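To keep things clear, I will list the structure first and then write my remarks on it.
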Amino acid sequence: MKFFLDTANLDELKKGASWGIVDGVTTNPSLIAKEGRPLEEQVRMICDIVDGDISAEVVSTEAKSMIEEGRKLSKIHKNIVVKCPLTRDGIMATSALSKDGIRVNVTLCFSPGQALLAAKAGAYIISPFVGRLDDIGFTGMDLIRSITQIYKNYGYKTQVLAASLRSPTHVIDSALAGAHIGTMPFKVLDMLFNHPLTDKGLDQFLKDWGKVFHEAGAAR
Ligand code: E4P
């Protein structure tokens with residue numbers, strides 16, 4: 001499973017990248033706006049930190065302008081994946097951009113039918129949102145399971161990116177469901193490290209080691 005960071009914050013990205021386990025980055029207009037720099041500038045800086053797929057989202061709503069915007073975004077860096085929303089215009093833009101060899105991540109997917117549309121349009125990635133479905137009383141993870149099964153049935157190459165992940169359990173369940181990618185906030189990636197038995201075990205190993213070798217070293 002590829003791990004993407006769902007943030008545009010450079011400090012978080014530098015820290016995550018230093019661990020050597022970050023395969024890419026997803027941004028959206030809200031995440032870019034939070035950082036306060038123009039999209040192009042922020043995305044360039046992200047590309048300097050993480051060497052992998054970097055999603056940058058269009059903000060136009062009509063197919064023609066989405067296509068123009070997508071073409072411009074794709075020229076920022078070779079790793080850019082253009083993000084289009086799952087609307088009629090977004091799917092039209094996805095078809096056109098994909099035919100030009102531009103990789104598209106179709107975002108804001110909330111149903112298996114929408115995921116089928118994205119695959120048929122030649123999307124490189126589909127982004128089903130787990131947490132936002134949970135928020136309105138559905139089981140978001142069922143969507144990941146349905147999409148991975150449907151794509152398998154027909155051999156679609158579109159990668160399933162589990163998005164809107166809010167906890168380590170979301171990441172693990174997405175992996176069990178066969179998602180190719182999980183994108184998560186820095187906080188969730190950091191939480192994946194934690195286990196009380198790891199801390200307890202390490203503490204004991206070091207105490208046992210210290211009792212013999214530290215004391216022996218001190219006697220010499
Ligand atoms: C990913 O591409 C999405 O922008 C992101 O996962 C949305 O997450 P949220 O529902 O926590 O805002």
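Along the sequence shown, residues are numbered consecutively beginning with 1. Quick caveat, the model's predicted, so the values are computed rather than measured. Just the heavy atoms: all of them, side chains too, but no hydrogens, waters or symmetry mates, feed the values below. Counting starts at 1 for both ligands and their atoms, in listed order.
Just one of Thr26, Thr107, Asn105 meets the side-chain hydrogen bond (donor to acceptor under 3.5 Å, both in side chains) condition when paired with Ser55; it is Asn105.
Of all atoms in ligand 1, numbered sequentially from 1 with element shown, those under 4.0 Å from a heavy atom of Thr26 are 2 (O). Here is the list of ligand 1 atoms found below 4.0 Å of a heavy atom in Lys83: 1 (C), 2 (O), 4 (O). The Ala163 neighbourhood of ligand 1 comprises atoms 1 (C), 6 (O), with distances under 4.0 Å to a heavy atom of that residue.
The nearest heavy-atom contact from the protein to atom 11 (O) of ligand 1 is Arg166 NE, 3.4 Å. Looking only at protein heavy atoms, the nearest one to atom 8 (O) of ligand 1 is Ser164 CA, 3.4 Å. In terms of protein heavy-atom proximity, atom 3 (C) of ligand 1 is nearest to Phe129 CZ, 3.5 Å. For atom 1 (C) of ligand 1, the nearest protein heavy atom (residue, atom name, distance) is Asp6 OD1, 3.4 Å. From the protein, the heavy atom lying nearest to atom 12 (O) of ligand 1 is Arg132 NH2, 2.8 Å. Looking only at protein heavy atoms, the nearest one to atom 4 (O) of ligand 1 is Asn28 ND2, 2.7 Å.
For Asp51 against Lys78, the heavy-atom pair with the smallest separation is OD1-NZ, 4.1 Å.
Both Leu189 and Ile46 are assigned to one and the same hydrophobic cluster, defined by single-linkage of ILVMFWY side chains at heavy-atom distances under 4.5 Å.
Within the structure, the closest approach of Met184 to ligand 1 does not fall below 4.0 Å when heavy atoms are considered. Within the structure, the closest approach of Glu57 to ligand 1 does not fall below 4.0 Å when heavy atoms are considered.
Ser65 and Ser60 share no side-chain donor-acceptor pair at under 3.5 Å.
Ring planes of Trp19 and Phe186: parallel class, angle under 30° (limits at 30 and 60°).
Other residues, nucleotides and ligands contribute at most 12 non-hydrogen atoms within 6.0 Å of the CZ atom of Phe205.
Contacts of Gln149 classified as side chain to side chain donor-acceptor pair (under 3.5 Å), with partners at least two apart in sequence or in another chain: Asn153.
Summarising the geometry, atom CD belonging to Gln114 is positioned 8.5 Å from atom CD1 belonging to Ile91; distances are rounded to the nearest 0.5 Å.
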